[in-house]
Amino acid sequence: MENLKNDCHVLLVTFPGQGHINPSLQFAKKLVNLGIKVTFSTSLTAFNRIYKLPNIEGLSFTPFSDGYDGKFEGSLDQFESFYSSLVSHGSEFMTQIIESRAVEGRPFKRVIYTTLMAWVGIVARGINVPSTFFWIQPATVMDIYYYCFTDYADCFKNCSEDQVVDLPGLPRLSPRDFPSFVFTDVNSKYGWGVKSIIDQIELLNSEENPRVLVNTFDDLEFDALRALKNLTMVGIGPSIPSAFLDGNDPLDKSFGADLSSSSENYMDWLDTMTKESVIYIAFGSYSEISSQLLEEIGQGLVKCGRPFLWVIREEKEGSHPEEKLTCKEELEKQGKIVRWCSQVEVLQHPSLGCFLTHCGWNSTLESLSSGMPIVACPLWTDQGCNAKLVQDVWKIGVRVNASKEGVVERDEFKKCIEIVMEDGEKRDELKINAKKWKDLAKEATKENGSSNVNLKAYVNEILLSQ
Ligand code: UDP
């Protein structure tokens with residue numbers, strides 16, 4: 001077995017976004033621990049933002065040019081041209097690296113790729129290398145897309161806002177719970193995302209026994225993992241830093257983007273706060289927050305009067321969105337605004353009382369695995385669905401509601417924060433549930449836990465493949 005292990009090498013390709021890189025890196029580390037060497041690849045745009053690459057034997061990094069040489073400065077609205085450049089440059093690179101490794105007599109045993117990277121699976125298929133799709137969002141979201149782009153398309157057409165949809169294996173859903181690509185036209189500016197999901201589903205459906213690895217775990221999404229008849233979904237998560245789970249690896253700060261620009265003293269400041277008193281606010285690594293939403297959050301915080309730690313990322317042109325807040329001075333007396341933080345460490349801090357989050361899947365898993373109650377303010381992609389699960393299925397948080405005009409107002413933020421933070425029955429209930437999911441997440445990744453068993457079975461299959 002040792003010899004086989006020494007020869008066994010996989011290529012792991014991720015979409016160039018922090019929310020994809022983080023779970024993929026954790027997954028890569030687990031593969032390495034189980035005896036598989038990993039070449040980790042994403043485009044230069046993402047690599048250039050990485051503060052420090054982790055130095056782990058058996059894990060190597062191979063960036064590829066996305067045609068912008070890491071200098072894509074556009075907004076999400078201009079992403080279409082970036083994405084098509086990523087696909088064309090990336091396809092060439094993947095073909096070349098896979099073929100040259102085969103010629104050298106040390107072929108990749110498997111190519112693993114993440115959400116929005118269907119083209120990698122297509123390249124691998126074209127040159128006859130087995131591939132595995134790693135879905136880095138909840139199984140429920142995969143189910144919804146699958147239903148939407150195959151047999152249940154009609155359920156998604158002309159849905160009114162207050163309609164409730166029943167889909168096999170899923171909780172009852174309203175349109176606001178659907179991932180946003182369900183409503184996105186393939187010819188619109190975000191059409192690249194929808195097309196990639198449709199390509200992915202077609203690719204899986206053309207396989208004999210299609211299987212997807214999912215960043216979730218059995219207890220969390222038992223039915224959703226088993227909802228699709230034609231697709232096997234295998235939970236191997238939560239794929240988050242081990243500090244949240246078994247704590248075996250030292251805290252891994254190195255992969256956090258933009259750490260160089262974070263204010264390091266926020267941890268000292270948290271140390272001075274009383275237990276469970278601080279609201280942590282962060283909206284992930286790339287979503288663009290309108291100045292109106294920023295102002296409403298700010299005013300909501302002022303109305304609450306509680307201490308907070310708020311991550312407001314620098315904008316592309318180097319401008320600081322918090323400068324536009326009309327209540328900036330009051331806020332500075334009340335809490336702390338930082339450009340980036342080590343979310344892993346913050347969520348574990350005893351002073352933290354709740355997490356106001358956009359419900360990116362990593363943030364949701366990280367919060368859940370920390371036993372931290374959530375105020376959910378989803379923006380797009382899978383976040384609306386994640387917020388639904390947080391509030392109604394796992395019951396670990398409260399979701400903000402938008403007004404008729406589509407604005408989440410300051411009083412709504414105040415109300416939801418108070419529900420989650422104020423001592424009483426509701427907070428107790430949220431905390432008890434949060435603690436339950438935290439324990440189950442730990443369970444899943446233990447030696448005989450469901451995710452670990454699934455992962456080992458997958459690794460053995462690779463080790464024993466020809
Ligand atoms: N993150 C962080 N520090 C911050 C904000 C975010 O370390 O100040 C990390 C967070 O821990 C998570 C990732 O960035 O792992 C964001 O992923 P998520 O899926 O939540 O959101 P996305 O960035 O994809 O919208």
Side-chain angles (χ1 to χ4, degrees), residues 14-27 29 42 45-46 49-52 54 75-76 79 114-117 134-138 141 179-181 190 193 214-216 237-245 251-264 266-267 270 278-289 308-314 321-322 336-349 352 355-370 372 374-387 389-390 397:
T14 104
F15 183 81
Q18 198 69 33
H20 295 238
I21 292 170
N22 288 4
S24 303
L25 178 71
Q26 297 307 325
F27 177 43
K29 283 184 188 172
T42 189
T45 293
R49 276 190 255 122
I50 294 169
Y51 177 56
K52 199 177 106 203
S75 70
L76 274 173
F79 207 77
T114 61
T115 309
L116 299 177
M117 301 293 268
F134 178 32
W135 176 253
I136 50 131
Q137 291 178 353
V141 173
S180 58
F181 286 150
Y190 297 123
V214 187
N215 185 14
T216 189
S239 204
I240 55 178
S242 87
F244 287 111
L245 302 161
L251 276 185
D252 182 12
K253 291 204 247 170
S254 52
F255 235 63
D258 302 335
L259 259 179
S260 49
S261 61
S262 74
S263 334
E264 286 299 338
Y266 59 85
M267 290 305 282
L270 280 176
V278 177
I279 307 157
Y280 170 55
I281 306 128
F283 279 68
S285 58
Y286 72 92
S287 288
E288 289 156 14
I289 317 293
F308 65 83
L309 175 67
W310 188 0
V311 178
I312 303 182
R313 292 188 332 273
E314 200 170 69
E322 73 274 14
K336 217 166 176 42
I337 295 176
V338 295
R339 309 229 167 286
W340 187 258
C341 71
S342 169
Q343 188 159 295
V344 183
E345 288 176 284
V346 168
L347 281 173
Q348 308 275 302
H349 200 285
L352 232 63
F355 184 11
L356 167 52
T357 167
H358 70 319
C359 284
W361 187 231
N362 294 291
S363 294
T364 305
L365 281 177
E366 289 163 6
S367 198
L368 181 137
S369 306
S370 310
M372 186 59 60
I374 286 175
V375 175
C377 179
L379 303 173
W380 74 315
T381 73
D382 58 332
Q383 297 153 19
C385 182
N386 304 346
L389 298 170
V390 160

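As the structure lists them, so they are numbered: ligands from 1, and atoms in each ligand from 1. Below, all heavy atoms of this structure are taken into account, side chains as well, without hydrogens, waters or symmetry copies.
Atoms of ligand 1 found under 4.0 Å from any heavy atom of H358 (numbered from 1 in listed order, with element): 20 (O), 21 (O), 22 (P), 25 (O). Distances below 4.0 Å separate heavy atoms of S285 from the following atoms of ligand 1: 22 (P), 23 (O). The distance from ligand 1 to the heavy atoms of G284 drops below 4.0 Å at these ligand atoms: 21 (O), 23 (O). Per-residue contacts place G360 under 4.0 angstrom from the following atoms of ligand 1 (heavy atoms of the residue considered): 18 (P), 19 (O), 20 (O), 21 (O).
Residue contact annotation: R313 has no non-hydrogen atom under 4.0 Å from ligand 1. Contact analysis leaves G17 out of contact with ligand 1, as no non-hydrogen atom separation drops below 4.0 angstrom.
The proximity of E366 to ligand 1, defined as any non-hydrogen pair under 4.0 Å, is limited to the side chain.
In this structure, Q343 and F355 have side chains that are in contact, with non-hydrogen atoms separated by less than 4.5 Å. Using a 4.5 Å heavy-atom threshold, the side chains of F15 and S24 count as separate.
The backbone N or O of I136 lies less than 3.5 Å from a partner atom in the side chain of T115, making a donor-acceptor pair. With hydrogens and angles ignored, the 3.5 Å screen pairs no side-chain donor or acceptor of T14 with any backbone N or O of T114. Formation of a donor-acceptor pair under 3.5 Å by the T216 side chain with backbone atoms of P138 is not found in this model.
With atom 17 (O) of ligand 1 as the reference point, the heavy atom nearest to it among I281, V346, N362, V311 is part of N362. The option from W361, Y286, W310 that lies nearest to atom 22 (P) of ligand 1, judged by heavy atoms, is Y286. Taking all heavy atoms of P241, G19, C359 into account, the minimum distance to atom 24 (O) of ligand 1 is reached by G19.
Between Q18 and ligand 1, no N or O atom pair is found at a separation short of 3.5 Å. Residue Q343 has at least one nitrogen or oxygen atom sitting less than 3.5 Å from a nitrogen or oxygen atom of ligand 1, judged on distance alone. Residue C341 places at least one N or O, backbone or side chain, under 3.5 Å from an N or O of ligand 1.
Side-chain atoms of N22 and Q18 form a donor-acceptor pair, as typed in the model, at a separation below 3.5 Å.
Partners of W310 by ring pair (Phe, Tyr, Trp, His ring centres under 6.0 Å), not counting sequence neighbours: none found. Evaluation of the ring pair (Phe, Tyr, Trp, His ring centres under 6.0 Å) rule for F244 yields no partner, not counting sequence neighbours.
Below 30°, between 30° and 60°, or above 60°: for Y286 and W380 the angle between ring planes is above 60°, a perpendicular geometry.
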